[in-house]
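Working notes, structure below.
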Amino acid sequence: MEPTEFPVNRALTVIGGKWRPQVYCALENGPKRFSELEREIPEINRKVLTDQLRELEQLGMVKRTEFPGKVLHVEYELTEEAFTLQPTMKSLCKWGTGEYSEEQ
């Protein structure tokens, strides 16, 4: 099996990196515009946020919807597949804050 085919490596490709977990958290409560994401993740710069959203869209984790009109309105939201990651993401957050149980 190639390293990229190993299930944990696939998962890390989807959730790994400095910004992806924060993008997932910012979108977990519903669609948001780019400017709303910038406000929720103030440390990220525009180019990095754009790149992360594009990559997550290519991976099938984020859906981009354009609403035509006088001014183009674009929203980003998690896909159904991305929502299957939410329990894992919440567990990782809990573990990261030291709130995990050693009894498992």
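By the 4.5 Å heavy-atom criterion applied to side chains, Tyr76 and Thr65 are not counted as neighbours. Counting heavy atoms from C-beta on, the side chains of Arg33 and Val74 never come closer than 4.5 Å. Counting heavy atoms from C-beta on, the side chains of Phe34 and Leu53 come closer than 4.5 Å. Using a 4.5 Å cut-off on side-chain heavy atoms (C-beta onward), Gln52 and Gln22 make no contact. In this structure, the side chains of His73 and Glu66 stay at 4.5 Å or more apart for every pair of heavy atoms. Side-chain atoms of Leu78 and Met61, non-hydrogen and from C-beta on, never get closer than 4.5 Å to each other.
When every heavy atom of Met89 is checked against every heavy atom of Pro21, the shortest pair comes out as CE-CA, 3.5 Å.
A salt bridge links Glu38 with Arg46; the closest basic N to acidic carboxylate O contact falls under 4.0 Å. The residues Glu55 and Arg20 are annotated as salt-bridged, a charged nitrogen and a carboxylate oxygen being separated by less than 4.0 angstrom.
Scanning for side-chain hydrogen bond (donor to acceptor under 3.5 Å, both in side chains) contacts around Lys63 gives an empty result, with sequence neighbours left out.
The NZ atom of Lys90 sits 7.0 Å away from atom SG of Cys25, with the distance rounded to the nearest 0.5 Å. Within the model, atoms CZ of Phe6 and OG1 of Thr13 stand 12.5 Å from one another, a figure rounded to the nearest 0.5 Å. Between atom CG of residue Leu59 and atom CD of residue Glu81 there is a gap of 9.0 Å, rounded to the nearest 0.5 Å. In this structure, NZ on Lys18 lies 8.0 Å from CD on Glu43, to the nearest 0.5 angstrom. Rounded to the nearest 0.5 angstrom, Ile15 CD1 and Leu92 CG are separated by 5.0 Å.
Both Leu49 and Leu72 are assigned to one and the same hydrophobic cluster, defined by single-linkage of ILVMFWY side chains at heavy-atom distances under 4.5 Å. Two different hydrophobic clusters hold Leu12 and Leu56 under the rule that ILVMFWY side chains link at heavy-atom gaps under 4.5 Å. Under the 4.5 Å side-chain contact rule for hydrophobic residues, Trp95 and Val14 do not share a cluster.
Between the side chain of Lys32 and the backbone N or O of Ala26, at least one donor-acceptor pair lies under 3.5 Å.
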Problem - Chi angles and distances behind the side-chain contact (heavy atoms from CB on, under 4.5 Å) call for Glu77, Val62 - result: CA-CA 6 Å; Glu77 63 186 308; Val62 168; over 6 Å; no

